[in-house]
There are 2 protein chains.
Amino acid sequence: MASTFAVLADPHRREILDVLRAGERPVNDLVDWLALTQPAVSKHLRVLREAGLVEVRRDAQRRLYRLRAEPLAEVDAWLAPYRRMWERSLDALEERLDGMDG
Amino acid sequence: MASTFAVLADPHRREILDVLRAGERPVNDLVDWLALTQPAVSKHLRVLREAGLVEVRRDAQRRLYRLRAEPLAEVDAWLAPYRRMWERSLDALEERLDGMDG
DNA sequence: CGGCAATATAGCCATAGGAGCATATAACCT
DNA sequence: AGGTTATATGCTCCTATGGCTATATTGCCG
């Protein structure tokens, strides 16, 4: 199964997650939102589902997809040790700017 | 140019970054660390460099690669709105566990 | 039951990308 | 200059993947 990182590599998939942040949506809503054919969207949803990033619920003929953020914690955890590094760089930049004509 | 997300999709590249967290390293060190040929490593380093995730410094025949964490801030920013979501889920789980036989 | 709506799956094509081998480049040393 | 070390680049191969069209599936409604 693809890693969460690999799943997030595709911009369309990130966009799907962004849309689902507002609440569950049927496939067709997502098709309208992204400029993609319905099968393409379904394929992305399958990848997201297999990665545990979305869940499905049936509503008559429709399938309502909902966000599952938990796997993103893994990404956040990987990122954690780096956070202090770019924060340090930004602080330094800020200090330089403060010193400039203050 | 590939997005930071796409660059991070490859496990070897994440591993390189993890190694570089400890400080700058010549290519050969990375070759020893990952089980890859030198050209493969150089290729990954090129991708990382073009994404701004590493910098190079010459030291005689060697090239010392150093981490640049700044582009990771973009990933962190994308992640931010999701963070509260999985934290909420984990809190709920914790509460259920606390309630279980307490 | 027949037909429509919503979604999933299959098959196909084109492209990207990661890996390896061979080779170019560059700097050191003698 | 010639050899050796360290790294980059070019080329090729293979696989993975994203997109599309066509079709299967499932459930609704008349």
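Proteins get letters first, then strands, A, B, ... in listed order; numbering begins at 1 in each.
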query = Rounded to the nearest Å, what distance is computed from the CZ atom of residue A:Arg57 to the P atom of nucleotide D:dG27?
reply = 15 Å
key: Length of the CG-P vector between A:Leu8 and D:dG18, whole Å   = 12 Å
task = Take A:Arg62 and A:Arg46, find for each the nucleotide of DNA chain C with the closest heavy atom, and name the residue whose nucleotide sits nearer the 5' end.
result = A:Arg62
request  = Decide if atom CZ of A:Arg66 counts as having more than 12 heavy atoms of other residues, nucleotides or ligands within a radius under 6.0 Å.
outcome  = no
query = Will you find, in the side chains of B:Trp78 and A:Asp18, an N or O donor that is under 3.5 Å from an N or O acceptor?
reply = yes
key: Side chains of B:Leu8 and B:Leu72 in contact at under 4.5 Å (non-hydrogen atoms)   = yes
key: Side chain to side chain, B:Arg13 and B:Val7, heavy atoms closer than 4.5 Å   = yes
query = Considering only C:dA27, C:dT9, D:dA8, which nucleotide approaches the side chain of B:Arg58 most closely?
reply = C:dA27
task = Examine D:dT5: is either OP1 or OP2 under 4.0 Å from a nitrogen or oxygen in the side chain of B:Asn28? Give yes or no.
result = no
key: Length of the CG-P vector between B:Leu48 and C:dG17, whole Å   = 14 Å
task = Indicate for each nucleotide in nucleotides 18-23 of chain C, in 5' to 3' sequence, whether protein heavy atoms under 4.0 Å reach the base (B), only the sugar-phosphate (S), or nothing (-).
result = BBBBB-
ask   = Taking atom P of C:dA24 as reference, at what distance in whole Å does atom CZ of B:Arg63 sit?
value = 18 Å
ask   = Separation of A:Leu45 atom CG from C:dA6 atom P, in whole Å?
value = 16 Å
query = Does OP1 or OP2 of D:dA6 have a side-chain N or O of B:Tyr65 closer than 4.0 Å?
reply = no
inquiry  = Quick check for you: to the nearest 0.5 Å, what is the distance between A:Glu15 atom CD and A:His44 atom NE2?
reply    = 10.0 Å
query = Is a side-chain N or O of A:Arg14 found less than 3.5 angstrom from the main chain of A:Ala9, in a donor-acceptor match?
reply = yes
ask   = Quick one: does B:Arg58's side chain have a donor or acceptor within less than 3.5 Å of a partner on B:Arg63's backbone?
value = no
ask   = Can you tell which of D:dG27, D:dA8, C:dT7 lies closest to the side chain of A:Pro26?
value = C:dT7
message = Distance check needed: D:dC29 C1' versus A:Gln61 CD, whole Å only.
response = 9 Å
